[in-house]
Amino acid sequence: MVIIKIIKLSKDLVIGAWSLIKGLVITLKNCFIPAITLQYPAQKQPMTGRFRGLVDLHPEKCIICYQCVKICPVACLAIAHKQENNKKVISEFKYNMELCCFCGMCQQVCPTSAIYMNKIYEISVYDRDKTHINLLNPGKYIEWLNTSIK
Amino acid sequence: MNTSQTKDICTEEFLINMGPQHPSTHGVLSLELKLDGEMIRDCTAHIGYLHRSMEKLAENRTYTQFIPYTDRLDYVASMNNNMGYVMAVEKLLNLEISDRAKYIRVIAAELNRIASHLIAIGTFAQDLGAFATPLFYCFREREKIIDIFDQICGNRLTYNYMRIGGVQFDLPKGIDEKIKKFIKYMRSKVDDYDWLLTYNTIFLARSKHIGLLPKDLAINYSVSGPNLRASGVKWDLRKDEPYLVYEKLEFDIPVGENGDSWDRYKVRLEEIRQSLKIVEQALGALPEGDPTVKIGRIHKPSPSEIYLRTENPRGELGFFIISDGSAYPYRLKIRSPSFSNLAVLPELVKGLKIADIVCILGSLDILMGETDR
Amino acid sequence: MRTNEIFMAIKTDFPEARQEEETGAVIIPKESLLKITQYLKNHRLAFDNLHCITAIDRAERVELAYTLYSISEHHGITLKIYLTAGEENVASLAELWKSANWLEREVYDLFGVIFLNHPDLRRILNPYDWKGHPLRKSYSHPEVSIKPRL
Amino acid sequence: MLMMLIAGIAVLAFISASAMFLIWWERKVSAHIQSRFGPMRVGWHGVLQPIADAVKLLLKEDIRPAEADKLVWWLAPFFAVVPPVMAFAAIPFGKSLIPKDLNVGILYIMAISSVCVIGIFMAGWGSNNKYSLLGGMRSAAQIVSYEIPMILSMITVVMHANSLSMQKIVEAQSRHWNILHPNMLLAALVYTIAATAEVNRAPFDIPEAESELVAGFHTEYSGMKFAMFFIGEYTNLFIIAAISTTLFFGGWHGPFLPPVVWFLSKTYLCIFIWMWVRWTFPRARVDQLMAFAWKVLTPIAFVNLAITGWLLLK
């Protein structure tokens, strides 16, 4: 009876040792496969064509239809317009970057694709009122570098 | 240890607080353990740390505006959440969607299932002590899926890709070669995991017969998904209540024998292989057509109630939507699989050691974003 | 077995069950909940899976919808109970299905429906000392969030 | 006297250099196993990273828990670092390159290195934190029960070389290394497993199990005290590798390279195997670990001892 137990135990030990060695073979194999991580600040992955970064605007294309303001789930867009010799002109287009959830609904709903999402993803600010952006002034995203692939 | 012998030894149970900030509670979950030495006498779970009351938010959002919120439910498999919600609303509006959109949804959902299972396997191995090596292998594979999704819909985690009646974009040009290359790459990697983890004696010793979930207890707790199939119940919504094009695709359901932590891991590993098969077939049979849909129109469904459940990587995700004719849902109840899967934990853990509770929690693959809603 | 066949099976044994028109749910009075659910669970209908409990805050009443499924028979049913505004309490099903334990705690937490002889009826998602039940239509969220006393 | 001073300073310099190198090497080995690069920024391929770590740990604030048992908590790191450094006294680096050739060399090393379990237990008890208490108790049980198979496997070697002194053990292997005898191979296997448990390295790192006990016994240590535990661990790793080379792989014997190079290369090969094992296997549970030590390793070690005795007396 004891011999059967010893045989069974040694069989388990051998199978166990063999499975441990198989595990070691995998890690050794991976040891020689070249590493694939990016050294982030030096190497950056260019963003794909459809990447949704910060919201941006071509002011001339906008026909002030308020579709984007209506569709935004977190209400971070706000437009004010005034009537000037029978033509509507945008007086103010505020974008609250802090609330934005980068869902891309405004970009899809805009009939003239005036509002679109650019490729900036490294967004950090020191004080909160930096997050309230006026989309009309062209130099709004200077401090965050643009990593678009174009 | 009957009490007669321990008259002189004054052993005292001490309370230990595992969480809400703990390396292996998969998110913000607090477990109060009453320990006798290493043995766990009793465990109570405190959840709700990540409660954003999604259901109250849903009552103030139109049907289209709520789609980005469903990404944040089960943030590891947000394609499946989108699909679940969007299909529920389509059933409410009884809207038919184009065939190509159905196939694209199946491809996206299955790829996301593989990514979610990879995370489940990686963190399970990490919890058992195989520090970081299997986790990094799983993340390396998952990175390839994330790149595919980045090309399809532009985001890496919260995709917001599906719309009511279709999808946002059509698949980009060279994407099916990329997916085929990924499928071939992934098949060899899954066999590697078999060698590295599945039959490793320490891994077996740590997870075999730990956290035994018998079949009837699992059904009684309405556990669903891989945890239920690991207990021997052959129940998968994609097969038993087929939706989209799952009845046209040929795949089988892995089922475990005795419902312990090892079986739950093994079922997830097999499901990755099955999902690869599904994606391959769906990619082959992709019909032509225009899956995209405009989102300007505000949907106003007639007052009615529907309940629809889909097979999420973690279990059955159900949406109970009650509409009252306005553009906003009157009530939107989200039945989250992790909520019921977590309810089983205190029952499984009595009398085991601390190392086992970490192992069972890892094998149940709980996600707090979904549990707390 | 479609929902009306199941309803017929229930109707024969419990005459007081009614069927809601468009949704096909079975409406039962509050008192006979325990009897009917006992019957549903052990009868050949074999409803062994209480999938989810949904509470709906209508203007004049609170509706409780129990979604039941049977894994062996591949069918499901929705049981509905109308709780009049005054006394929102109903018997707890924690003994029949263990999943009811947490589901009922969540309904109590968000709606304030009291479940009689529930093992431990505490709040589950909100802090234990939270005032009010958030998902009620009449709920107004507190202006200042209460700081936890350390 | 002067000679002893110089030898002492040389050994201390070697210890800190080797600890620094081991920390860096472990991070590079683990990185490449997990298909990533490891430290690359500080110096060429992160060579200066250990120095950066040391400076960081020096500048870090040394926080002491309020209700900690002050003296016990303060003393614990010393008990974790001093024994491995003292054990260097009997390590044979070369033909005459040995700090002090004690005639009880191997016994001395084993006695000293079992002192560090007291340090770990003091750390566990002193930090007044439930997790570290559990970690401390686990380490006490583990190290004590793995010392027996370790010493038994050493005795088989000592019986061959019929002397406890390390130099004599190495000289006994001049013709062929000990590992070539079958029973020595079994003793080497038992020794490696027991030594991993002795040094709390995976798959036996239950005292500081990250996923269960947050950080085990050194949860409450930060700054220089944590660095001391860290250095103690790597020096201990070097010690068990050095012992395994002297006992089983023929110490500094080697065809034409100078003996020191042979000794160091063999030691670092053993360390690579320990690192390789660490980053592959999951962690054993406490009771399985103890059962393995008492029910499997110790019987095997005894049987091996009996066989060796029979072989020698034949």
Side-chain angles (χ1 to χ4, degrees), chain B residues 44-56 58-59 215-224 228 233-235 237 239-241 302-309 315-322 324 330-337 339-347 371-373, chain C residues 20-25 41 46-59 62-63 65-78 80 94-103 105-107 109-111 120 122-128 130 133-137 139 141:
Chain B
T44 55
H46 302 282
I47 61 172
Y49 291 91
L50 207 53
H51 177 52
R52 305 152 286 194
S53 86
M54 286 275 198
E55 286 151 9
K56 188 84 176 175
E59 282 162 17
K215 192 182 286 194
D216 50 1
L217 188 69
I219 296 174
N220 206 336
Y221 264 99
S222 90
V223 167
S224 52
L228 185 66
V233 179
K234 193 169 175 55
W235 175 263
L237 281 183
K239 269 283 196 246
D240 297 305
E241 282 179 13
S302 59
S304 62
E305 299 167 14
I306 55 107
Y307 180 76
L308 183 112
R309 50 182 187 161
E316 281 157 23
L317 174 72
F319 281 94
F320 194 111
I321 305 180
I322 295 123
D324 61 351
Y330 185 76
R331 165 85 165 103
L332 189 135
K333 158 79 179 165
I334 303 160
R335 188 264 175 193
S336 96
F339 189 77
S340 311
N341 294 350
L342 185 59
V344 178
L345 187 71
E347 188 109 4
T371 319
D372 298 343
R373 284 181 297 277
Chain C
E20 210 173 38
E21 321 68 30
E22 73 285 354
T23 56
K41 185 167 188 228
F47 280 99
D48 43 21
N49 180 0
L50 171 59
H51 204 60
C52 98
I53 304 177
T54 323
I56 308 145
D57 180 11
R58 296 283 184 201
V62 171
E63 290 176 25
Y66 293 85
T67 319
L68 294 167
Y69 279 102
S70 153
I71 291 200
S72 45
E73 306 284 335
H74 287 266
H75 58 237
I77 186 113
T78 319
K80 271 212 163 165
E95 287 76 28
L96 280 169
W97 292 289
K98 291 203 176 64
S99 61
N101 188 332
W102 275 28
L103 292 171
R105 274 179 63 186
E106 188 201 341
V107 170
D109 183 1
L110 298 176
F111 276 86
D120 70 341
R122 289 174 293 138
R123 287 183 178 272
I124 192 162
L125 290 178
N126 290 317
Y128 293 117
W130 188 262
H133 300 289
L135 272 181
R136 274 296 174 89
K137 296 292 177 191
Y139 177 77
H141 59 80

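Proteins get letters first, then strands, A, B, ... in listed order; numbering begins at 1 in each.
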Undergrad: So for C/R58, is it side chain, backbone, both, or neither that comes closer than 4.5 Å to the heavy atoms of chain B?
TA: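 Contact with chain B involves both backbone and side-chain atoms of C/R58.
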Undergrad: Once rounded to the nearest 0.5 Å, what's the spacing between atom OG of C/S99 and atom CD1 of B/I219?
TA: 11.5 Å
Undergrad: Pair B/F339, C/I124 - check side chain to side chain contact (heavy atoms under 4.5 Å, CB included), show working.
TA: CA-CA 11 Å; B/F339 189 77; C/I124 192 162; 3.8 Å; yes
Undergrad: Relative to each other, are the rings of C/H51 and B/Y307 parallel, tilted or perpendicular (30° and 60° limits)?
TA: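 Because their plane-to-plane angle is over 60°, the rings of C/H51 and B/Y307 count as perpendicular.
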Undergrad: Classify the ring geometry between B/H46 and C/Y128 as parallel (under 30°), tilted (30 to 60°) or perpendicular (over 60°).
TA: perpendicular
Undergrad: Is any side-chain heavy atom of B/E305 closer than 4.5 Å to one of C/E63?
TA: yes
Undergrad: Side-chain contact test, heavy atoms from C-beta onward, threshold under 4.5 Å: evaluate it for C/K41 versus B/N220 and give yes or no.
TA: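 They are in contact (side-chain heavy atoms under 4.5 Å apart), so the answer is yes.
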Undergrad: Taking B/K56 for its side chain and C/R136 for its backbone only, find out whether a donor-acceptor pair lies under 3.5 Å.
TA: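 Answer holds: yes.
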Undergrad: Quick one: of B/D240, B/T371, B/V344, who has the most non-hydrogen atom pairs under 4.5 Å with chain C?
TA: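 Option with the greatest count: B/D240.
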Undergrad: For each of B/R335, B/E347, B/E316, B/E241, tally heavy-atom pairs with chain C at distances under 4.5 Å, and name the one with the top tally.
TA: B/R335
Undergrad: State, with a plain yes or no, whether a side-chain heavy atom of C/L135 is found less than 4.5 Å away from one of B/K333.
TA: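 With C-beta onward as the side chain, the pair stays apart.
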Undergrad: C/D120 versus B/T44: any side-chain heavy-atom pair under 4.5 Å?
TA: no
Undergrad: Write down the atom of B/Y330, the atom of C/D57, and the distance for their closest heavy-atom approach.
TA: OH-O, 2.6 Å
Undergrad: Let me confirm one number: the CD1-CD1 distance from C/I56 to B/I322, rounded to the nearest 0.5 Å.
TA: 3.5 Å
Undergrad: Identify the two heavy atoms, one from B/L228 and one from C/I71, that lie closest to each other, and give their separation to 0.1 Å.
TA: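 In this case the closest contact between B/L228 and C/I71 is CD2-CD1, 3.9 Å.
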Undergrad: Can you say whether C/R105 sits under 4.5 Å from chain B via the side chain, the backbone, both, or neither, judging by heavy atoms?
TA: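 Contact with chain B is absent: no heavy atom of C/R105 under 4.5 Å.
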Undergrad: Counting only non-hydrogen atoms closer than 4.5 Å, does B/I47 touch chain C with its backbone (N, CA, C, O), its side chain (CB onward), both, or neither?
TA: both
Undergrad: Distance check, rounded to the nearest 0.5 Å: B/I334 atom CD1 versus C/T54 atom OG1?
TA: 11.5 Å
Undergrad: Is chain C contacted by the side chain of B/L217, its backbone, both, or neither, given a heavy-atom distance below 4.5 Å?
TA: side chain
Undergrad: Side chain, backbone, both or neither: which part of C/L110 has a non-hydrogen atom closer than 4.5 Å to chain B?
TA: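 Contact with chain B is through the side chain of C/L110 alone.
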Undergrad: Which region of B/F320, side chain (C-beta onward) or backbone (N, CA, C, O), has a non-hydrogen atom less than 4.5 Å from a non-hydrogen atom of chain C, or is it both or neither?
TA: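 It is the side chain, since no backbone atom gets that close.
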Undergrad: With a 4.5 Å heavy-atom cut-off, do C/L50 and B/S222 have their side chains touching?
TA: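 Not touching, per the 4.5 Å side-chain cut-off.
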Undergrad: What verdict does the salt bridge (charged side-chain N to carboxylate O under 4.0 Å, His left out) test give for C/E106 and B/R373, after you've listed the backbone C-alpha separation in whole Å, the side-chain angles of each residue and the deciding distance to 0.1 Å?
TA: CA-CA 11 Å; C/E106 188 201 341; B/R373 284 181 297 277; 2.5 Å; yes
Undergrad: With a 4.5 angstrom heavy-atom cut-off, is it the side chain or the backbone of B/V233 that approaches chain C, or both, or neither?
TA: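 It is the side chain, since no backbone atom gets that close.
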Undergrad: Given that the side chain runs from C-beta out, which part of C/D109 has a heavy atom under 4.5 Å from chain B: side chain, backbone, both or neither?
TA: neither
Undergrad: Chain B: which of C/T78, C/N49, C/L96 shares the most heavy-atom pairs with it under 4.5 Å?
TA: C/N49
Undergrad: Can you tell which part of C/A65 gets under 4.5 Å to a heavy atom of chain B, answering side chain, backbone, both or neither?
TA: side chain
Undergrad: So, taking the atom named OG in B/S224 and the one named OH in C/Y69, what distance separates them when rounded to the nearest 0.5 Å?
TA: 12.0 Å
